[in-house]
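Worth knowing before you read on, the calculation uses all heavy atoms, side chains too, and leaves out hydrogens, waters and symmetry mates.
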Amino acid sequence: MPTQQTKSQDELASANALVSKHPDNNKLDKFKEEDEEEEEEIDTAAVVVPPDSGWAWVVMVASFLCCTVIDGIVFCSASIQEHLMKEFGVSKFYVTFVSSLLSGCYLMAGPFVSALANRFGFRPVTITGAIFSAICFGLSYYATSVEYLFVIYGVLGGIGFCMVYIPAVVIIGFYFEKWRALATGVALCGSGVGVFVFAPLTNFLLKETNWRMTLAIQGLMVLSCAIFGLAFRPIQPITLGVTEDGTVVDEEKTKLNGHGNTVAPTPQLHQAAFTKPLPEGRFAYSMPNSAHNTYMGASQRHHYPTAAEIFKGMNLERRPSGQASKGTELKQLRKSQPTTPNGDPQQLTFNLHKELTTVGENEEEAENDNLLETEAKPVTIQARRHTVSGRRPQDLAKRPHGTGHDAAHHHGQSQSSRPMYRDDIFFTGSLTRIPQYQSQTSLAYHMSVTRLPTKQDMLEDRQKGCRICPEAVRRTLSTMLDTTLLKSPSFMCLAVSGFLTMMGFFVPFSFLPDRAIENGMSASSAVSLISGIGAINTIARIVCGSLSSFPSVKPLWLNNVALTAGGLATIFSGVVVNATTQWAFAFFFGVCIACFSALRSLIAVELIGLEKLTNAFGFLMLFQGLAATIGSPIAGALYDMTKSYNMAFYFAGGLILLSGFLCYPLTWISNWEQRRNAKNEPLPTA
């Protein structure tokens with residue numbers, strides 16, 4: 001034993017000597033100093049627990065107003081088509097791209113806007129998006145061609161709208177737990193209210209002014225979302241740490257997940273004592289370059305452990321604000337590690353390269369890492385389950401804007417939370433439908449769905465300067481666009497169904513008033529049909545959300561019935577065109593789109609699980625955005641060929657009906673897929 005220890009020490013000494021001679025050793029020395037400082041930090045993790053009260057209701061109202069403005073304009077954007085056809089002399093097919101690009105980009109930009117919100121926070125992204133889209137609408141006033149509107153109004157305006165809409169919807173899940181279903185339902189009702197308000201308002205503006213002035217006025221309305229976005233302030237997370245008398249899980253029973261990170265399969269949480277939040281402490285861990293550099297598709301969600309997995313088997317406490325961090329907790333961890341027969345702490349063997357690979361992104365640091373890996377080979381490191389990243393209390397005291405809560409708030413959203421690191425961030429229903437929520441306490445649940453930032457992520461927060469694609473953005477995109485999900489038959493069936501639904505989704509908004517006027521209804525009555533769809537959509541969302549909260553109600557079957565009824569109503573809406581039949585169609589179609597929008601996340605969780613929900617929504621937004629872009633132009637082309645609006649409704653209704661039929665066997669497909677995966681899983685090794 002002494003000979004082996006001496007040999008190991010000699011190898012480490014020779015590696016250090018070699019590194020000290022390297023011309024770029026200053027960077028490595030700087031890293032060593034930072035790593036030594038971080039090693040002295042205590043084990044903590046920041047977890048956001050929704051407040052469910054107070055300012056949360058202000059956030060809900062602000063989200064409702066944002067949805068009212070954005071969705072109101074998007075769903076009524078087809079009102080200017082006739083004016084554009086007259087001024088620029090283009091066909092129905094060609095002019096529909098103006099509104100379809102707006103609605104399509106408004107959805108397709110979802111994953112990329114989510115990544116921005118994860119890095120910079122909901123408030124900055126919302127305000128930036130509102131200002132940007134308002135500028136685009138203002139520039140549309142000077143349009144000289146339809147192609148100009150394609151780019152400025154459609155593509156750029158749609159991206160700006162997405163930067164407002166995504167934060168407005170997602171932030172509800174960040175602020176609400178017990179009342180999440182109610183708050184989300186109220187916020188999303190803004191979509192129906194927006195259609196109800198903006199349909200007659202847009203028609204009035206077009207009559208009193210012209211389409212250019214209408215777009216300019218709408219741009220000013222969009223600018224109001226920047227004011228609403230001010231309410232989206234970040235939530236300071238609670239900080240959990242290991243108590244001095246806490247026990248650490250036996251290192252021999254832990255498993256390495258293949259990336260040098262200790263991951264436990266299930267959380268085992270003890271009773272915790274909670275007082276006030278301490279936002280200073282943060283936890284981070286190292287990941288290999290392969291996980292960081294994997295972009296848009298190859299990274300797996302399990303690469304990023306949750307707080308519950310990291311703190312398995314530990315006694316946790318919530319550290320009160322202003323309490324100085326002590327080094328005794330880390331000492332306690334080390335004292336609790338297994339010891340060798342001679343009384344020295346047991347050494348856990350890691351590859352030093354795995355600890356260093358994520359610190360630097362440039363070639364020089366990578367060269368140093370490779371040098372260490374080649375010369376030193378495996379070296380022993382003092383038993384340490386993970387690398388802690390944070391700031392010492394004295395460092396916080398030196399910051400210019402105070403300490404504690406104020407200092408963390410000044411440091412920005414990056415020090416507070418990463419919303420897209422939560423598995424349930426896109427879940428819009430009641431948490432009682434989630435098995436993880438029912439089987440454990442509230443705090444344990446939030447720890448089980450909160451995935452912690454990597455060491456690289458935290459280092460980027462601490463470093464000044466601008467990065468083209470920071471870790472928080474790359475990680476969100478790689479999670480939302482992980483192509484392994486496309487191998488799931490049940491998800492692909494759901495995605496294709498959503499694609500078909502969205503192809504027909506916007507067609508009635510574009511062609512219903514024109515068909516009504518063509519069949520003898522007045523212009524005001526025709527526009528009121530669009531407002532009616534918005535009002536019915538609002539009521540149906542509330543009813544649908546209430547029904548889905550009952551465990552006995554299956555969201556998938558509710559969705560299937562709504563899509564089937566909506567598709568049939570759309571197909572037969574043109575058999576007899578009068579006020580009665582058109583209002584009947586408005587009712588069924590309003591219920592159809594309400595159920596489709598409200599139940600997506602619930603269905604996705606039932607089929608593929610909560611841990612893949614973020615990944616699912618990334619692709620669903622892309623699929624549905626593409627469908628919204630091409631759906632209305634195809635309907636416009638059918639009108640140009642037949643000069644009949646009924647063909648457009650046959651097309652839209654047939655797609656919606658087909659999408660409903662595709663969802664009927666989803667339960668069977670999901671069960672079959674689970675059985676297949678269970679058979680293919682490797683047997684656990686002893």
Side-chain angles (χ1 to χ4, degrees), residues 52 60 63-64 67 71 169-170 172-173 176-196 424-438 490 493-494 497-498 501-502 505 532-570 583-610 613 616-617 620 624 656-657 659-668 670-671:
D52 250 334
M60 182 194 71
S63 177
F64 169 84
C67 292
D71 278 344
V169 173
V170 171
I172 296 295
F176 287 92
E177 176 186 338
K178 179 180 178 182
W179 304 108
R180 175 182 291 199
L182 173 64
T184 303
V186 171
L188 293 180
C189 280
S191 175
V193 173
V195 176
F196 178 78
D424 66 346
I425 195 65
F426 286 102
F427 188 75
T428 58
S430 173
L431 292 181
T432 56
R433 298 196 69 96
I434 300 178
Q436 295 95 314
Y437 186 78
Q438 296 177 341
S490 56
C493 189
L494 180 66
S497 172
T501 301
M502 289 305 297
F505 193 93
I533 293 177
I536 295 167
N537 180 27
T538 301
I539 300 172
R541 278 182 184 268
I542 298 174
V543 175
C544 181
S546 301
L547 290 175
S548 64
S549 64
F550 292 101
S552 59
V553 176
K554 300 297 183 182
L556 180 59
W557 286 99
L558 191 60
N559 171 81
N560 296 346
V561 172
L563 289 179
T564 302
L568 291 174
T570 305
W583 274 102
F585 163 70
F587 172 80
F588 284 105
F589 187 74
V591 172
C592 169
I593 62 177
C595 293
F596 170 78
S597 302
L599 300 175
R600 284 286 101 174
S601 64
L602 280 72
I603 297 172
V605 169
E606 286 189 352
L607 294 177
I608 60 177
L610 183 66
L613 180 61
F617 258 73
L620 287 176
Q624 293 173 10
I656 295 174
L657 185 62
S659 71
F661 288 160
L662 281 176
C663 290
Y664 278 102
L666 263 179
T667 301
W668 180 86
S670 177
N671 293 335

Taking all atoms of both residues into account, what is the closest heavy-atom pair of [X] and [Y], and its distance?
X: G566; Y: C592; value: CA-CB, 3.8 Å
X: S659; Y: T501; value: OG-OG1, 2.7 Å
X: A540; Y: V591; value: CB-CA, 3.9 Å
X: C595; Y: N559; value: O-OD1, 4.4 Å
X: F588; Y: A565; value: CD2-CB, 4.4 Å
X: S63; Y: A187; value: OG-CB, 3.4 Å

Quick one: pull up [atom1] in [X] and [atom2] in [Y] and give me the separation to the nearest 0.5 Å.
X: D52; Y: W179; atom1: CG; atom2: CH2; value: 8.5 Å
X: D71; Y: S597; atom1: CG; atom2: OG; value: 8.5 Å
X: F64; Y: I172; atom1: CZ; atom2: CD1; value: 11.5 Å
X: S490; Y: I603; atom1: OG; atom2: CD1; value: 12.0 Å
X: I434; Y: L610; atom1: CD1; atom2: CG; value: 4.5 Å
X: F661; Y: T564; atom1: CZ; atom2: OG1; value: 5.5 Å

Taking the side chain as everything from C-beta on, heavy atoms only, tell me whether [X] gets closer than 4.5 Å to [Y].
X: D424; Y: L431; value: yes
X: K554; Y: T667; value: no
X: I425; Y: F617; value: no
X: R600; Y: F426; value: no

Quiz item: Can I593 and F505 be said to form a side chain to side chain contact (heavy atoms under 4.5 Å, CB included), step by step?
Solution: CA-CA 8 Å; I593 62 177; F505 193 93; 3.3 Å; yes
Practice problem: Decide whether T184 and T428 meet the rule of one side-chain donor and one side-chain acceptor closer than 3.5 Å. | Solution: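 No.
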Quiz item: Can a donor-acceptor pair be found between the side chains of S430 and Y437 at a distance below 3.5 Å?
Solution: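 Note: S430 and Y437 side chains miss the donor-acceptor criterion.
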Practice problem: May I ask you to say whether E606 pairs ionically with R433, meaning some side-chain N is under 4.0 Å from a carboxylate O? | Solution: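 Yes, E606 and R433 are salt-bridged.
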Quiz item: With a cut-off of 6.0 Å (strictly less than), are more than 12 heavy atoms of other residues, nucleotides or ligands near CZ of F196?
Solution: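 No, CZ of F196 has 12 or fewer neighbouring heavy atoms, counting only those of other groups under 6.0 Å.
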Keeping [X] on the side-chain end and [Y] on the backbone end, is there a donor-acceptor pair under 3.5 Å?
X: R541; Y: A594; value: no
X: T538; Y: V193; value: yes
X: S548; Y: C544; value: yes

Quiz item: So among N537, I536, I656, which one has a side chain to side chain contact (heavy atoms under 4.5 Å, CB included) with F589?
Solution: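 Testing F589 for a side chain to side chain contact (heavy atoms under 4.5 Å, CB included) against N537, I536, I656 leaves exactly one candidate, I656.
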Exercise. Verify side chain to side chain contact (heavy atoms under 4.5 Å, CB included) between L188 and V169, making sure each step is shown before the conclusion.
Key: CA-CA 7 Å; L188 293 180; V169 173; 3.8 Å; yes
